[in-house]
Amino acid sequence: ELNTWGYYIYRGENPDFATTTRITASMIIGKGENGGDYVYVDSDVVLGQTYYYWLVEIQGGTVATPHGPLRVTVGGDTGSQRLFLPLVEQ
């Protein structure tokens with residue numbers, strides 16, 4: 001996470017990033033050169049609905065690099081899903 005200030009998470013109902021909505025109210029602050037574990041719970045989902053997620057990395061305060069999309073269909077008895085985003089490396 002060298003030079004990474006933090007991350008935003010975006011979600012859409014189709015794989016077009018231009019139609020997404022940012023679902024993190026504020027930036028998820030990066031944990032520095034050693035990286036770290038991050039958790040975000042998206043509780044505003046509908047059972048059976050398919051969503052597309054992007055992780056947008058902010059570097060140097062101005063460079064936004066989107067990573068994704070990751071396609072997820074919400075399922076299960078509780079509607080609760082865990083989403084493990086891939087490691088972002090430069």
Side-chain angles (χ1 to χ4, degrees):
E1 297 182 355
L2 297 175
N3 201 32
T4 298
W5 288 28
Y7 305 93
Y8 291 108
I9 300 173
Y10 286 74
R11 181 186 68 215
E13 293 184 7
N14 64 64
D16 180 6
F17 184 76
T19 65
T20 63
T21 301
R22 190 177 85 197
I23 60 172
T24 46
S26 59
M27 183 185 300
I28 300 166
I29 304 299
K31 296 184 179 176
E33 65 182 59
N34 293 324
D37 294 327
Y38 303 92
V39 175
Y40 179 81
V41 176
D42 185 5
S43 58
D44 189 23
V45 295
V46 176
L47 193 60
Q49 176 70 41
T50 297
Y51 297 99
Y52 296 84
Y53 290 88
W54 283 261
L55 181 69
V56 176
E57 179 183 15
I58 307 300
Q59 295 177 305
T62 59
V63 178
T65 305
H67 302 276
L70 181 62
R71 181 178 180 261
V72 176
T73 300
V74 179
D77 295 332
T78 64
S80 175
Q81 298 289 297
R82 290 188 181 262
L83 176 64
F84 297 95
L85 295 171
L87 176 66
V88 177
E89 294 182 330
Q90 292 295 324

**Student:** Would you indicate whether Asp16, at its atom CG, is surrounded by more than 12 heavy atoms from other residues, nucleotides or ligands within a distance under 6.0 Å?
**Tutor:** yes

**Student:** What closest approach, in Å, do Tyr38 and Ile28 show between heavy atoms, and which atom pair accounts for it?
**Tutor:**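 Where Tyr38 meets Ile28 most closely, the heavy atoms are CD2-CG2, 3.6 Å.
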
**Student:** Nearest heavy-atom pair of Thr50 and Thr73: which atoms, and what distance?
**Tutor:** OG1-OG1, 2.7 Å

**Student:** Evaluate the side-chain proximity of Thr19 to Asn14: yes if any heavy-atom separation is below 4.5 Å, no if none is.
**Tutor:**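 Yes, side chains in contact.
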
**Student:** Is there a path of hydrophobic side-chain contacts, each under 4.5 Å between heavy atoms of I, L, V, M, F, W or Y residues, that connects Val56 with Val63?
**Tutor:** no

**Student:** Quick check on the hydrophobic clustering: are Leu47 and Ile23 connected, directly or via other members, by side-chain heavy-atom contacts under 4.5 Å?
**Tutor:**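 They do share one cluster, since a chain of ILVMFWY contacts under 4.5 Å joins Leu47 to Ile23.
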
**Student:** For a side chain to side chain contact (heavy atoms under 4.5 Å, CB included) check, start with the C-alpha distance between Thr24 and Tyr7, then their side-chain angles and the critical distance, and finish with the verdict.
**Tutor:** CA-CA 9 Å; Thr24 46; Tyr7 305 93; over 6 Å; no

**Student:** Give me the atom names and distance for the closest heavy-atom approach of Trp54 to Pro15.
**Tutor:** CZ2-O, 3.6 Å

**Student:** Parallel, tilted or perpendicular: which describes the rings of Phe17 and Tyr10, with under 30° parallel and over 60° perpendicular?
**Tutor:** tilted

**Student:** Taking atom types as modelled and ignoring hydrogens, do the side chains of Asp42 and Tyr51 form a donor-acceptor contact shorter than 3.5 angstrom?
**Tutor:** no

**Student:** Between Glu57 and Leu55, is any pair of side-chain heavy atoms under 4.5 Å apart?
**Tutor:** no

**Student:** What about Tyr40 and Val74, same hydrophobic cluster or not, with Ile/Leu/Val/Met/Phe/Trp/Tyr joined at side-chain heavy-atom distances under 4.5 Å?
**Tutor:**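 Looking at the clustering, Val74 is in the same group as Tyr40.
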
**Student:** Between Arg11 and Asp44, what is the shortest heavy-atom contact and its length?
**Tutor:** NH1-O, 3.3 Å

**Student:** Tyr8 side chain to Ile58 main-chain N or O, any donor-acceptor pair under 3.5 Å?
**Tutor:** no

**Student:** Quick check for you: to the nearest 0.5 Å, what is the distance between Asp37 atom CG and Lys31 atom NZ?
**Tutor:**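 Nearest 0.5 Å value for the CG-NZ distance: 6.5 Å.
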
